[in-house]
Structure formats: C-alpha cells, structure tokens
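Here is the structure we will look at.
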Amino acid sequence: MTTIKDLAELKKRGQKWAMLTSYEQMTAEIFDEAGIPVLLVGDSAGNNFLGEKNTIPVTVDELIPLTRAVARSVKQALVVADLPFGSYESGADLALATSIRFFKEAGAHAVKLEGAHVDAIKKLVSSGIPVMGHLGMTPQSVNAFGGFKVQGRGDAAETIIEDAQALQEAGCFAIVLELIPAELASRIRSEVSIPVIGIGAGADCDAQVLVWTDLMGLTEKAPRFARAYRDLRGEMSGA
Ligand code: KIV
C-alpha cells in the first residue's frame with residue numbers, strides 16, 4: 001500500500017512518479033495493477049463522467065460512490081478524494097465533516113482541496129487526514145479567473161510561491177500545480193520539500209497528474225498540454 005511517507009521518500013531519492021484520475025472500478029484496477037502509486041477521484045468527474053460542463057456542480061454525494069468504487073478496487077494505490085466546490089471553503093469544521101464522510105463512507109486515504117485554506121488544512125492534518133493542496137489554475141475558481149487561463153505570470157508568481165510555502169507549513173503532503181509557467185513550477189519544486197505534482201506546469205515537477213480520459217484519447221477536446229498516449233475514442237467507435 002502506497003503511503004504519504006513513500007511519496008516523501010520518492011522525492012528524497014529524486015524518483016519521479018505519476019498520478020491519474022479514476023472514477024470507477026475498471027480504470028482503478030488497471031492503473032493500480034500498472035503500478036500508478038496515487039489515484040485521484042477528481043471532481044473532474046463532473047466533465048468526464050457526470051456530463052457536466054465543468055467541476056463546479058459536482059457534489060459530495062456524487063463523489064462518494066465513485067471514491068468508494070476506486071478505493072475498493074485498488075491493492076497498492078493511495079486513493080485521494082477531491083473535495084468538491086462548496087464542501088470546505090466556509091471553514092475548517094465543514095472541511096473536516098466533509099473529509100470524514102470521504103474516509104468513513106468511501107474509504108479514501110487522503111483528500112485534496114483547492115487554494116490556500118490554511119486553517120482547514122491544519123484542522124484536517126491535526127485530525128489524522130492527509131491533505132494534498134492544489135494551486136495555480138484551480139478549476140473550481142474558473143469563473144473568477146475568467147476562463148481556463150495560465151496563472152502565476154508576472155507578479156502573481158510570488159503569491160503562488162507564498163501559498164505553496166503556506167500549504168507546506170500547514171501540513172500538506174503534496175501540492176498539485178495546474179497550468180502555471182514551467183519556470184515557476186520548477187522554482188516552487190526547489191523551494192518546498194514536499195512533492196509537487198504538475199499538470200500543464202512543465203516537466204520539472206516531482207510527479208505528473210493527468211485526467212485519465214485525456215491520457216487515453218477518450219476526451220473529445222482535451223487541454224493542449226495533455227498528451228494522448230492512445231486513441232480510445234477512435235478504438236471504441238471502430239469497435
Ligand atoms: O479533478 C481533477 O482531476 C484534478 C486534477 C486535474 C489535478 O483536480
């Protein structure tokens with residue numbers, strides 16, 4: 001079973017790793033058997049599994065059965081449950097209540113939340129819940145950003161660096177950096193001791209994460225940074 005200590009050890013050894021999303025049993029089994037150490041039950045389920053336009057409408061009640069299916073299907077992977085929009089921002093107590101549901105009802109091993117919600121993170125960590133942070137182009141804030149745009153350019157870079165340091169101090173075991181300049185991700189990687197996991201953030205990260213449907217060429221319009229390693233959409237249509 002992969003633990004957050006194993007991930008810290010990989011960073012120390014300079015060994016890179018991959019994280020993939022998974023929303024159900026079959027992909028969880030396949031990715032787990034392939035040795036992917038961390039599976040994320042992302043709220044990207046919204047626009048990849050639940051037929052929504054983005055992640056904002058996704059609810060805790062929708063993600064719990066998906067997380068349970070993934071957690072039941074793995075033998076070695078660490079299963080991280082994404083806290084959906086509206087399920088943690090109003091305070092540490094709400095964040096804890098939501099996370100406890102993912103642990104008790106779904107068997108999650110860790111949670112991920114977007115932004116620098118330091119008090120909530122401290123509360124979760126002190127309650128025994130490992131937390132993965134997420135900075136940069138955080139999709140739950142797409143309306144505030146005015147679209148899916150690269151974040152952290154110019155002066156905004158300093159804020160992301162400070163937030164990354166704050167997340168580390170609050171006790172996060174890893175941080176996802178989404179859609180930020182490669183040089184910024186590289187700088188953050190050298191300034192924090194916890195693993196940084198990039199997505200559209202260049203190659204100089206400790207790990208990379210992809211939405212599995214993008215990786216396998218199933219998504220109709222995948223983001224430009226996401227390389228498809230197969231054409232599953234074509235394969236399935238052909239079959
Ligand atoms: O929900 C998700 O899939 C994510 C990844 C893109 C990091 O948050």
Side-chain angles (χ1 to χ4, degrees), residues 7 17-24 27-28 31 36-60 62-67 69-70 77-89 98-99 102 106 108-117 121 130-142 145 147-152 160 163-164 167 172-180 185 188-189 194-202 205-216 218-219 221-228:
L7 301 177
W17 47 277
M19 173 163 99
L20 283 177
T21 65
S22 174
Y23 315 113
E24 42 60 59
T27 54
F31 301 154
I36 302 294
V38 186
L39 295 185
L40 171 67
V41 187
D43 60 357
S44 53
N47 44 307
N48 289 282
F49 194 77
L50 297 168
E52 302 288 0
K53 293 232 171 332
N54 56 40
T55 62
I56 291 172
V58 175
T59 67
V60 174
E62 284 171 331
L63 278 196
I64 286 207
L66 310 190
T67 308
V70 172
L78 182 89
V79 176
V80 181
D82 225 356
L83 300 190
F85 182 56
S87 74
Y88 61 94
E89 298 88 337
T98 304
S99 303
F102 276 103
H109 309 129
V111 298
K112 175 170 85 57
L113 57 85
E114 297 185 4
H117 296 278
I121 293 166
V131 182
M132 179 180 282
H134 187 165
L135 298 173
M137 172 47 239
T138 43
Q140 293 172 10
S141 302
V142 62
F145 293 142
F148 288 91
K149 297 180 179 157
V150 175
Q151 300 298 307
I160 299 186
D163 285 350
L167 293 195
C172 281
F173 71 89
I175 307 174
V176 172
L177 298 175
E178 181 161 354
L179 212 51
I180 62 169
I188 294 171
R189 183 188 186 201
I194 54 176
V196 298
I197 309 165
I199 174 162
C205 295
D206 301 299
Q208 296 288 332
V209 54
L210 278 177
V211 169
W212 86 262
T213 45
D214 296 343
L215 174 86
M216 299 297 180
L218 198 55
T219 315
K221 281 188 197 133
R224 262 187 300 163
F225 60 76
R227 175 176 159 197

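Note that this is a predicted model, so its numbers are computed, not measured. Values reported hereafter were calculated over all heavy atoms of this structure, with side chains retained and with hydrogens, waters and symmetry mates removed. All ligand and atom numbering here is 1-based and tracks the order in the structure.
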*Residues two or more places apart in sequence or in another chain: which of them pass side chain to side chain contact (heavy atoms under 4.5 Å, CB included) with D163?*
A116, L135, T159
*By side chain to side chain contact (heavy atoms under 4.5 Å, CB included), which residues pair with P37, not counting sequence neighbours?*
T2, W17
*Say whether T55 and E52, considering side chains only, have a donor N or O and an acceptor N or O under 3.5 Å apart.*
no
_Looking only at side-chain N and O atoms, does T67 offer a donor or acceptor that is under 3.5 Å from a partner on Y23?_
no
Pairs under 3.5 Å, nitrogen or oxygen of ligand 1 with protein nitrogen or oxygen:
residue, atom, partner, partner atom, Å
ligand 1, 1 (O), D43, N, 3.2
ligand 1, 1 (O), D43, OD1, 3.0
ligand 1, 1 (O), S44, N, 3.0
ligand 1, 1 (O), S44, OG, 3.3
ligand 1, 1 (O), D82, OD2, 3.1
ligand 1, 3 (O), S44, OG, 2.5
ligand 1, 8 (O), K112, NZ, 3.0

*Among all residues two or more places apart in sequence or in another chain, which pass the ring pair (Phe, Tyr, Trp, His ring centres under 6.0 Å) test with H117?*
Y88
*asked:* Tell me which one of L177, V176, L40, L7 satisfies side chain to side chain contact (heavy atoms under 4.5 Å, CB included) with I197.
replied: V176
